[in-house]
Engineer: 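First the structure, which I've put down as structure tokens, then a few questions once you've had a look.
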Amino acid sequence: MAKIISEPSRTFGEYLLLPNLTTKDCVVENVNLTTPLVRFKKGEEPELKLNIPFTSAIMQSVSDHNMAIALAKNGGISFIYGSQSIEAEAEMVSRVKKYKAGFVISDSNLKPDNTLEDVIKLKEKTGHSTIAITEDGTSSGKLVGIVTSRDYRLTRDPLTKKVCEFMTKDENLIVGKEGITLSEANDLIWQNKLNAIPIVDDNFNLVYMVFRKDYSDDKENPRSLLDAQKRYIVGAGINSRDYKERVPALVEAGVDIVCIDSSEGFSEWQYETIKWIKDTYNGRVKVGAGNVVEREGFRYLADAGADFIKVGIGGGSICITREQKGIGRGQASSVLEVSAARDEYFEETGIYVPICSDGGIVHDYHITLALAMGADFVMLGRYFAGFDESPTSKVKYGNGFVKEYWGEGSNRARNWARYDLGGKSELQFEEGVDSYVPYAGKLDDGLGTTLYKIKSTMCNCGAKSIKELQENGRLSIASAVSISEGSAHDVILKNQ
């Protein structure tokens with residue numbers, strides 16, 4: 001008979017934190033959420049760190065270049081979804097790396113014979129009021145003009161009016177020539193009281209746009225996650241099938257770290273993928289792996305050379321792996337065991353391999369619990385899917401709005417490579433659902449509230465860092481009655 005582990009499979013909802021002494025200096029402003037992203041040796045510093053312990057899930061409905069930019073501004077990292085063509089994923093990575101440098105490839109472009117109606121539709125789609133007008137309507141065509149909201153009046157101009165009739169024409173544009181520095185470009189913007197300037201080559205082909213707001217971003221986002229060249233740090237998902245073609249393209253695009261996206265990572269396919277990446281790039285390319293739920297899986301991937309390891313099977317809100325296969329484990333039990341294995345590995349080898357808790361987060365406080373249980377950072381899907389910056393559509397639902405959210409194992413995603421068992425190259429059955437999540441507004445606002453909650457809870461536990469929380473935190477198993485006691489009860493709630 002199979003070996004039986006007698007300890008129940010527990011979730012985050014079955015635990016509560018106990019308070020420790022809060023000293024006078026243990027206030028929210030003094031809490032540091034910096035955490036390692038990749039493995040490092042004892043006494044050394046990791047090559048990559050996160051300024052907040054947040055990563056966005058490797059999902060079509062969560063992590064594209066827009067989410068990657070927004071999260072990096074706040075100190076976290078996105079892993080752009082890999083269930084797309086190699087070229088498309090590399091292009092998303094490239095957009096992120098070029099964005100923070102201030103030289104942005106324009107994604108709002110029209111031709112001179114487009115109409116004002118086209119301008120309005122494009123503005124609604126992208127949210128950008130500055131539109132580059134090129135001869136062929138592409139981001140690299142010959143620049144013939146610029147349209148901003150100051151060039152037309154909806155109350156007077158007909159929607160059929162041609163762009164060439166109201167755009168600011170090329171001879172009246174202030175432009176920068178290719179090779180200009182970001183500082184020089186910003187000086188041109190400020191001297192001429194502009195919101196943006198185009199950067200062109202010797203043939204007046206559009207190369208980049210530089211925006212005034214990027215200067216403001218530097219000042220308004222002090223915890224931005226940046227590389228040595230002051231560009232946003234970004235990750236990308238890969239699979240264990242086409243990694244020999246996909247990884248080189250992502251590296252060429254500037255990716256900082258890749259992660260194998262799989263529902264279950266304790267496999268020879270992941271081992272071979274990690275070894276190939278490490279051998280091919282002499283250890284320079286960082287790679288995360290997983291998912292696992294116990295110590296044997298952790299050690300297998302750590303020995304292979306994984307730079308971080310994801311923990312969790314079947315705990316995601318759209319995941320039905322446990323229902324379909326009967327495989328998985330409660331997220332709290334998984335994190336606790338793998339954290340212990342991580343610490344044992346560190347003691348034995350002197351190498352610290354960070355772990356990522358992936359799934360099982362229902363409430364904000366569950367993130368704090370995951371960190372207290374030993375996770376170095378968390379990966380979130382549903383949480384980020386509701387924000388404006390996720391790639392899905394906002395839909396009217398009842399009296400409010402929702403956003404679409406689907407699993408990588410759903411028929412909609414058809415990401416068969418995530419469930420690769422070496423057989424047919426197709427999805428045999430679903431392990432994810434297609435759903436909606438409540439619309440959550442802008443990422444900055446929602447994430448700011450969550451971070452404040454985490455820091456406040458850590459102060460209650462007497463911890464000013466994640467390491468202190470893990471060393472000094474105390475957890476109590478909570479009964480179902482005690483959980484219900486902790487919610488509003490025995491009162492009549494007023495209508496909100």
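Values in this document were obtained by computation on a predicted structure and should not be read as measured data.
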Engineer: Got a second to check how far Tyr243's OH is from Leu250's CG, nearest 0.5 Å?
Structural biologist: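 That separation rounds to 14.5 Å.
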Engineer: Take Lys464 and Glu468 through the salt bridge (charged side-chain N to carboxylate O under 4.0 Å, His left out) test and state the conclusion after the steps.
Structural biologist: CA-CA 7 Å; Lys464 292 183 290 184; Glu468 286 184 9; 5.6 Å; no
Engineer: Using side chain to side chain donor-acceptor pair (under 3.5 Å) as the criterion, list what pairs up with Ser357, not counting sequence neighbours.
Structural biologist: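 Ser357 satisfies side chain to side chain donor-acceptor pair (under 3.5 Å) with Gln331 only.
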Engineer: Under a 3.5 Å distance rule, please check whether Asn472 uses its side chain to pair with a backbone N or O of Leu469 as donor and acceptor.
Structural biologist: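 No, Asn472 side chain to Leu469 backbone: no donor-acceptor pair under 3.5 Å.
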Engineer: I'd like to know if the side chain of Arg39 reaches the main chain of Pro354, judged simply by a donor and an acceptor atom lying under 3.5 Å from each other, with no hydrogens or angles considered.
Structural biologist: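 No.
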Engineer: Is the shortest side-chain heavy-atom distance between Leu371 and Pro53 below 4.5 Å?
Structural biologist: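 In contact.
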Engineer: Applying side-chain hydrogen bond (donor to acceptor under 3.5 Å, both in side chains) to Asn109 and Ser106, what does each step give before you reach the verdict?
Structural biologist: CA-CA 7 Å; Asn109 312 287; Ser106 176; 2.7 Å; yes
Engineer: For Phe377 and Phe79, I'd like to know if the aromatic rings sit close, meaning centre-to-centre distance below 6.0 Å.
Structural biologist: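 No, ring centres 6.0 Å or more apart.
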Engineer: If every non-hydrogen atom of Ile466 is compared with every non-hydrogen atom of Thr34, which pair is closest and at what distance?
Structural biologist: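 That closest heavy-atom pairing would be CD1-O, 4.3 Å.
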Engineer: Can you say whether the rings of Phe387 and Phe384 are parallel (under 30°), tilted (30 to 60°) or perpendicular (over 60°)?
Structural biologist: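 Tilted.
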Engineer: Side chain to side chain contact (heavy atoms under 4.5 Å, CB included), that's the test. Do Thr392 and Tyr436 meet it? Break it down for me.
Structural biologist: CA-CA 10 Å; Thr392 62; Tyr436 296 112; over 6 Å; no
Engineer: Does any part of the side chain of Ile189, heavy atoms only, come nearer than 4.5 Å to the side chain of Asn195, both counted from C-beta?
Structural biologist: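 They are not in contact (no side-chain heavy atoms under 4.5 Å apart), so the answer is no.
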Engineer: Roughly how far, to the nearest 0.5 Å, is the CD atom of Glu47 from the CZ atom of Phe40?
Structural biologist: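 Here the interatomic distance stands at 12.0 Å.
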Engineer: Determine the minimum heavy-atom distance between Leu336 and Tyr15, stating which atoms define it.
Structural biologist: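 Heavy atoms only, the tightest pair is CD1-OH, 3.7 Å.
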Engineer: For residues Ile277 and Val258, determine if any side-chain heavy atom of one lies less than 4.5 Å from a side-chain heavy atom of the other.
Structural biologist: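 Side-chain contact under 4.5 Å: yes.
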Engineer: Please find out if less than 6.0 Å separates the ring center of Tyr439 from that of Tyr397.
Structural biologist: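 Ring centroids of Tyr439 and Tyr397 are no less than 6.0 Å from each other.
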Engineer: Leu225 pairs by side chain to side chain contact (heavy atoms under 4.5 Å, CB included) with which of Ile233, Val234, Leu71?
Structural biologist: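 Single pass found, and it is Ile233.
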Engineer: Atom OG1 in Thr130, atom CD1 in Ile197: separation rounded to 0.5 Å?
Structural biologist: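 If we round to the nearest 0.5 Å, Thr130:OG1 and Ile197:CD1 are 12.0 Å apart.
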Engineer: Consider salt bridge (Lys or Arg N to Asp or Glu O under 4.0 Å). Of Glu337, Glu294, Glu264, which one does Arg329 pass it with?
Structural biologist: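 Filter result, single survivor: Glu337.
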Engineer: Between Tyr405 and Ser390, does the side-chain hydrogen bond (donor to acceptor under 3.5 Å, both in side chains) criterion hold? Intermediate values first, please.
Structural biologist: CA-CA 10 Å; Tyr405 180 49; Ser390 76; over 6 Å; no
Engineer: For the backbone of Ser9 and the side chain of Glu7, can you confirm whether one donor and one acceptor N or O come within less than 3.5 Å of each other?
Structural biologist: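 No, Glu7 side chain to Ser9 backbone: no donor-acceptor pair under 3.5 Å.
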Engineer: Are the side chains of Ile146 and Met209 in touch, meaning some heavy atoms are under 4.5 Å apart?
Structural biologist: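 Answer yes - side chains close enough.
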Engineer: Quick one: does Ser78's side chain have a donor or acceptor within less than 3.5 Å of a partner on Ser56's backbone?
Structural biologist: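 Not a single qualifying donor-acceptor pair exists.
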Engineer: Would Asp376 and Phe308 count as a side chain to side chain contact (heavy atoms under 4.5 Å, CB included) if you check the C-alpha gap in whole Å, the side-chain angles of each, and the deciding distance to 0.1 Å?
Structural biologist: CA-CA 9 Å; Asp376 296 280; Phe308 74 83; over 6 Å; no
Engineer: Got Val311 and Asp358 here, is their nearest side-chain heavy-atom distance under 4.5 Å?
Structural biologist: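 SC-SC contact between Val311 and Asp358 ruled out.
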Engineer: Does Asn30 reach the side chain of Val27, with side-chain heavy atoms less than 4.5 Å apart?
Structural biologist: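 Of all side-chain heavy-atom pairs linking Val27 with Asn30, at least one is under 4.5 Å.
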Engineer: With side-chain hydrogen bond (donor to acceptor under 3.5 Å, both in side chains) as the criterion, how do Thr115 and Asp118 come out once you've worked through the C-alpha distance, each side chain's angles and the decisive distance to 0.1 Å?
Structural biologist: CA-CA 5 Å; Thr115 65; Asp118 295 323; 3.2 Å; yes
Engineer: Does Ser482 have any side chain to side chain donor-acceptor pair (under 3.5 Å) partners at least two apart in sequence or in another chain, and if so, which?
Structural biologist: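 Once residues adjacent in sequence are excluded, the partners of Ser482 under the side chain to side chain donor-acceptor pair (under 3.5 Å) criterion are Ser479.
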Engineer: For Glu404, check side chain to side chain donor-acceptor pair (under 3.5 Å) against everything at least two apart and list the hits.
Structural biologist: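 Glu404: side chain to side chain donor-acceptor pair (under 3.5 Å) contacts with Arg412.
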Engineer: Excluding sequence neighbours, so at least two apart, what forms side chain to side chain donor-acceptor pair (under 3.5 Å) with Lys453?
Structural biologist: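 Lys453: side chain to side chain donor-acceptor pair (under 3.5 Å) contacts with Asp364.
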Engineer: If only atom types and distance count, is the side chain of Ser334 paired as donor or acceptor with the main-chain N or O of Gly330 below 3.5 Å?
Structural biologist: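 The answer is yes, because a donor-acceptor pair under 3.5 Å joins these two groups.
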Engineer: Please find the pair of heavy atoms, one from Val338 and one from Val293, that lie closest to each other, and give the distance.
Structural biologist: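 Distance-wise, the nearest heavy atoms are CG2-C, 3.9 Å.
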Engineer: What's the separation between atom CD1 in Ile477 and atom CG in Leu16, rounded to the nearest 0.5 Å?
Structural biologist: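 Result: 11.0 Å between the selected atoms.
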Engineer: Donor-acceptor check, side chain of Ser224 to backbone of Lys73, threshold 3.5 angstrom: yes or no?
Structural biologist: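 Pair found, side chain donor or acceptor close to backbone of Lys73.
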Engineer: Among Val104, Asn186, Leu194, whose side chain to side chain contact (heavy atoms under 4.5 Å, CB included) with Val210 holds?
Structural biologist: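 Result for side chain to side chain contact (heavy atoms under 4.5 Å, CB included) with Val210: Asn186.
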Engineer: With a 4.5 Å cut-off on side-chain heavy atoms, are Cys356 and Ile309 touching?
Structural biologist: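 Heavy-atom side-chain distance check fails, nothing below 4.5 Å.
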Engineer: Is a side-chain N or O of Asp64 found less than 3.5 angstrom from the main chain of Met67, in a donor-acceptor match?
Structural biologist: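 Confirmed, Asp64 side chain pairs with Met67 backbone.
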Engineer: Are the side chain of Ser129 and the backbone N or O of Thr148 linked by a donor-acceptor pair below 3.5 Å?
Structural biologist: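 Such a contact is absent between Ser129 side chain and Thr148 backbone.
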Engineer: Could you measure the distance from the CG atom of Asn66 to the CG atom of Asp388? Nearest 0.5 Å is fine.
Structural biologist: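 CG of Asp388 is found 11.0 Å from CG of Asn66.
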Engineer: Once rounded to the nearest 0.5 Å, what's the spacing between atom NZ of Lys310 and atom CG of Leu301?
Structural biologist: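 Rounded to the nearest 0.5 Å, the NZ-CG separation comes to 11.5 Å.
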Engineer: Name the one of Leu110, Val147, Asn114, Asp107 that satisfies side chain to side chain contact (heavy atoms under 4.5 Å, CB included) with Leu122?
Structural biologist: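 Per the side chain to side chain contact (heavy atoms under 4.5 Å, CB included) rule, the option paired with Leu122 is Leu110, out of Leu110, Val147, Asn114, Asp107.
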Engineer: Taking Gln270 for the side chain and Gly290 for the main chain, is one N or O donor matched with an acceptor at less than 3.5 Å?
Structural biologist: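 Confirmed, Gln270 side chain pairs with Gly290 backbone.
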Engineer: Between Gly360 and His366, what is the shortest heavy-atom contact and its length?
Structural biologist: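 Reported closest heavy-atom pair: O-ND1, 3.8 Å.
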Engineer: Between Phe12 and Ile367, does a side chain to side chain contact (heavy atoms under 4.5 Å, CB included) hold up when you go through it step by step?
Structural biologist: CA-CA 9 Å; Phe12 292 137; Ile367 300 172; over 6 Å; no
Engineer: Does any non-hydrogen side-chain atom of Leu451 lie less than 4.5 Å from one of Leu33?
Structural biologist: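 The answer is yes; the side chains approach within 4.5 Å.
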Engineer: Does Arg342 reach the main-chain N or O of Gly374 with its side chain, forming a donor-acceptor pair under 3.5 Å?
Structural biologist: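 Yes: the side chain of Arg342 pairs with the backbone of Gly374.
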Engineer: For Asn74, enumerate each residue passing the side chain to side chain contact (heavy atoms under 4.5 Å, CB included) test, keeping only those at least two apart in sequence or located in another chain.
Structural biologist: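 So Asn74 forms a side chain to side chain contact (heavy atoms under 4.5 Å, CB included) with Ile52, Arg223, Leu443, Asp444, Leu447.
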Engineer: Of all the heavy-atom pairs spanning Ala196 and Phe211, show the shortest one and how long it is.
Structural biologist: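 Looking at all heavy atoms of both residues, the closest pair is CB-CD2, 3.5 Å.
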Engineer: Tell me which pairs pass side-chain hydrogen bond (donor to acceptor under 3.5 Å, both in side chains) where either residue lies in residues 249-260, with sequence neighbours left out.
Structural biologist: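 Passing the test, one end in residues 249-260: Lys97-Asp256.
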Engineer: What is the minimum heavy-atom distance between Ile69 and Tyr232, and which atoms define it?
Structural biologist: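 Scanning both residues, the minimum pair turns out to be CG2-CE1, 3.9 Å.
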